[in-house]
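Reading through the structure tokens given below for one structure.
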Protein chains: 4
Amino acid sequence: MAQKTAPDSTRRSERSRRAIYDAALALVGEVGYGKMTIEAIAARAGVGKQTIYRWWPSKSAVLLDAFLDLAEQANAQLSEEAGLAEPATDIPDTGDLEADLKYVLRATVDEMTDPKFDAPARALAAEGVVNQELGTEFVERLLEPQLQHYVKRLRRSQDRGEIAAHVDPRIALELWTGPLAQRWMQRTGPLTHAYADTLVEYALYGIAPR
Amino acid sequence: MAQKTAPDSTRRSERSRRAIYDAALALVGEVGYGKMTIEAIAARAGVGKQTIYRWWPSKSAVLLDAFLDLAEQANAQLSEEAGLAEPATDIPDTGDLEADLKYVLRATVDEMTDPKFDAPARALAAEGVVNQELGTEFVERLLEPQLQHYVKRLRRSQDRGEIAAHVDPRIALELWTGPLAQRWMQRTGPLTHAYADTLVEYALYGIAPR
Amino acid sequence: MAQKTAPDSTRRSERSRRAIYDAALALVGEVGYGKMTIEAIAARAGVGKQTIYRWWPSKSAVLLDAFLDLAEQANAQLSEEAGLAEPATDIPDTGDLEADLKYVLRATVDEMTDPKFDAPARALAAEGVVNQELGTEFVERLLEPQLQHYVKRLRRSQDRGEIAAHVDPRIALELWTGPLAQRWMQRTGPLTHAYADTLVEYALYGIAPR
Amino acid sequence: MAQKTAPDSTRRSERSRRAIYDAALALVGEVGYGKMTIEAIAARAGVGKQTIYRWWPSKSAVLLDAFLDLAEQANAQLSEEAGLAEPATDIPDTGDLEADLKYVLRATVDEMTDPKFDAPARALAAEGVVNQELGTEFVERLLEPQLQHYVKRLRRSQDRGEIAAHVDPRIALELWTGPLAQRWMQRTGPLTHAYADTLVEYALYGIAPR
DNA sequence: CTGTAATCGAGACGGTACGTCACGTCTTTAC
DNA sequence: GTAAAGACGTGACGTACCGTCTCGATTACAG
């Protein structure tokens, strides 16, 4: 099937791409996703509209790429600060599962609260709820890779007998990521460190009396 | 301060209101929230645009009312089928907490899977992620009342010693509603009865070895 | 065949129509037909683009109506100045055909030179050369009615024996309107009173020796 | 003053030039002048856009050159058919002015009707009405040289006393070229041999009774 | 039972943004 | 250095809806 003669990506303007990302992220923060227009992105980036339409099919796709780029950069910076060559996203393993999970979950809460991430992340999450394609990509490229860090970490604990053998780690991790996600997306309650700690405790030991 | 001469709701056309709800729900299913326009709702409902603008401030508000109406009707019908006068939304209390939770959670999974509810509910959930005001109203009028049924039920179990005394029921219920919501909204995994059962088990007894 | 549900002309805004005419005529004079855009007309008239597209199919159609309106007004004003109820466009009949023709032709030259008429008239004439539909309408609604005044006048002279019996007045009049039109449109020579006079003389008596 | 580093015409690609002419003439016939775009000419000619912009300042200039080239070729072919070395554009002089004029005018009518010439000629004529520069060039390079053939021919007749001494040939010729041009450009009437004949007769002997 | 005031369907209005097209310039690679 | 190719910033296109407005026609209450 003939594509509409796909553009030649080797000749793509890097400077335009960056300017578009910056403009999109700035705008989604300033006016919100609904009122962010492609024309405004183009104007702010000092770029022709066609340059956006040439490389992305929709404004959600632009924002997704911009956000992924942002996440990547933030990650790279984090690793650098830690003086590491490899990405620093692994979940720590001090031998104390409860402490490790609380540590990571508190960091997640902090990130969810950071206004720099909040606006674009909400916009993408919202769009993903309604737009299957974008939602899938968002999950596959951003969310699931992060969740897999939990899977790895839980499996290590399971090998050591710190988690019951019958437990499926991929489901277990949802005991805390699910509630956190819900509070963030639906604002059903405050997102605090204490809340994160409680979730970890309930999840590890259950709510039935021991 | 003078309101914009608020309309007189006693003279409101009931037939128009119903037609607008029907049109909105039909359209959100057919073309999706983003492409649903007020003009299309008006045209389909055989109604002037002003009749919509007179009574609702935005298309999300129309859809919210339409959906609440739908939920109400569905509820009423359910109660009627059960031959009850009062609404049938309470969580059963057979004395077996695990069984009761699994029963209700399976029903929730079924509802989330029902295409009649799926499209408008997703649209509203998505809009709520990004639009604080609508999100809050959605939660307050629809979600939180349902969650409170869990609180009531859990408290009863707690009084009987079936749940540890230190547990906060309002947080505990998120151990299963959170994961369910996340799978539904972000499509991070399949929504099945087996999954619902697993969530209840993990939540009750924890994932650490007993 | 279903029209695209033609708009209701009884509800048309007269103020907008006038503003659009004024803007179109002003713009064609200032920037020329080629660079006159519908957006600019709309902006200058303080009108939405759709209001133009609702009532006219193209920018040439707008200009045609604007110009016809202008011609009508100019005509009405002329009649009024002369204190007449009927339109003053008839060709005089003093009994001296040569003098009458020269008089009218000189007036035509003056009009063709008047910058107020020149720009829009050129634009329409040009568009009509290339666009059959517009050209036909331009001729039928503006040019031919004026030519018919010559026909009437010539026929009267012919009845009196001042013009040879075998002559077809509709063709005869082209002996002077044709050259004038050509000099105006193609700029093949200057448009002066002397030139007009010469045309009348050559046409009446021929260029062969008598 | 530095020209924009004028291109070196000795290295110009003849094949591209020809292809551009062909493409321009074909397109003006197929889609009309207004919808003929430089991009389309380039694409059809298998030529880069810059190759057009390097050698011509505007699309009207391209078409003008293309049309002049066409006219030249047609002329050369005509001469060749007649077995002549020199160009065959002079007006015949059989001694019978009326007959000679009718002969040439009938040929002009035929040419104006030939669809191969019609589309580009109209486009250029139209553009010339509105664009002084192009109009002047069109007249100087194409129209006026043809009119001068009449001047020469008329002067010869005048020397022989077949035309009144006081007549200005340059004006006289407009008695038939003007009407013809008008009928062609403004479509004010049919273009036939009979019409051409009538024009010649009226012009020679006048419309007043002799 | 009839006036009268508000709601109703309809849709024109001034706008904003859409996604596309072509402009004329510029850069890259091949000849 | 010219050529084909095509990405770029720019700006107009014609369309779709926005939310406001004005217009009769309908409707339901108050006199």
Side-chain angles (χ1 to χ4, degrees), chain A residues 4-5 7-13 15-16 19 35-43 45-55 57-59, chain B residues 4-5 7-13 15-16 19 35-43 45-55 57-59, chain C residues 4-13 15-16 19 35-43 45-55 57-59, chain D residues 4-5 7-13 15-16 35-43 45-55 57-59:
Chain A
K4 198 184 253 187
T5 53
D8 176 352
S9 40
T10 66
R11 312 189 59 169
R12 183 165 184 185
S13 162
R15 117 194 293 277
S16 292
K35 291 185 182 165
M36 175 179 78
T37 67
I38 297 226
E39 295 210 327
I41 297 175
V47 139
K49 276 202 287 180
Q50 202 58 49
T51 300
I52 298 184
Y53 285 110
R54 193 166 8 242
W55 302 108
S58 65
K59 92 176 159 169
Chain B
K4 198 186 267 185
T5 53
D8 175 354
S9 38
T10 66
R11 310 191 59 157
R12 184 166 183 184
S13 160
R15 120 195 289 276
S16 292
K35 291 186 182 165
M36 176 180 77
T37 68
I38 297 227
E39 296 210 328
I41 296 174
V47 138
K49 279 201 289 178
Q50 200 58 260
T51 300
I52 298 183
Y53 284 110
R54 199 176 351 255
W55 302 109
S58 67
K59 93 175 159 170
Chain C
K4 197 183 255 188
T5 53
D8 176 352
S9 39
T10 66
R11 313 188 54 173
R12 184 166 182 182
S13 161
R15 121 195 288 276
S16 292
K35 291 185 183 166
M36 175 180 77
T37 66
I38 299 226
E39 295 210 328
I41 298 174
V47 139
K49 277 201 288 180
Q50 202 57 47
T51 300
I52 299 184
Y53 285 111
R54 199 173 358 249
W55 301 110
S58 66
K59 91 177 161 170
Chain D
K4 200 186 264 185
T5 52
D8 176 353
S9 39
T10 66
R11 310 190 58 160
R12 185 168 182 181
S13 160
R15 115 195 291 277
S16 291
K35 292 185 183 166
M36 176 179 77
T37 68
I38 298 226
E39 296 209 328
I41 297 175
V47 140
K49 280 199 289 179
Q50 200 58 260
T51 302
I52 298 183
Y53 284 111
R54 201 175 350 253
W55 302 109
S58 66
K59 95 178 158 169

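Proteins get letters first, then strands, A, B, ... in listed order; numbering begins at 1 in each.
The nearest heavy atom of DNA chain E to C:Thr51 and to A:Lys35 marks one nucleotide each, and the one closer to the 5' end goes with C:Thr51.
Atom OH of A:Tyr53 and atom P of E:dC18 are 5 Å apart (whole Å). A straight line from CD of C:Glu39 to P of E:dG15 spans 13 Å, rounded to a whole angstrom. Atom P of nucleotide F:dA4 and atom CG of A:Asp8 are separated by 18 Å, given to the nearest angstrom. A:Lys49 has its NZ atom 6 Å from the C1' atom of E:dC18, to the nearest Å.
Contact annotation for A:Ser16: backbone-only contact, meaning every heavy-atom pair under 4.0 Å involves sugar-phosphate atoms and none involves a base. Looking at heavy-atom distances under 4.0 Å, B:Arg54 makes contact with a base.
For B:Arg11, the side-chain atoms get nearest to E:dA6 when compared with the rest of F:dA3, F:dC18, E:dA6. With E:dG19, F:dA7, F:dT27 as the choices, the nucleotide that has an atom nearest any side-chain atom of A:Pro7 turns out to be F:dA7.
The shortest distance between the side-chain N/O atoms of B:Trp55 and the OP1/OP2 oxygens of E:dA6 is not below 4.0 Å.
Shown here is A:Arg15, whose CZ atom has no more than 12 heavy atoms of other residues, nucleotides or ligands within 6.0 Å. More than 12 non-hydrogen atoms from other residues, nucleotides or ligands lie less than 6.0 angstrom from CZ of C:Arg54.
For the residue pair C:Trp55 and C:Asp8, the shortest heavy atom distance occurs at CH2-O, 3.7 Å.
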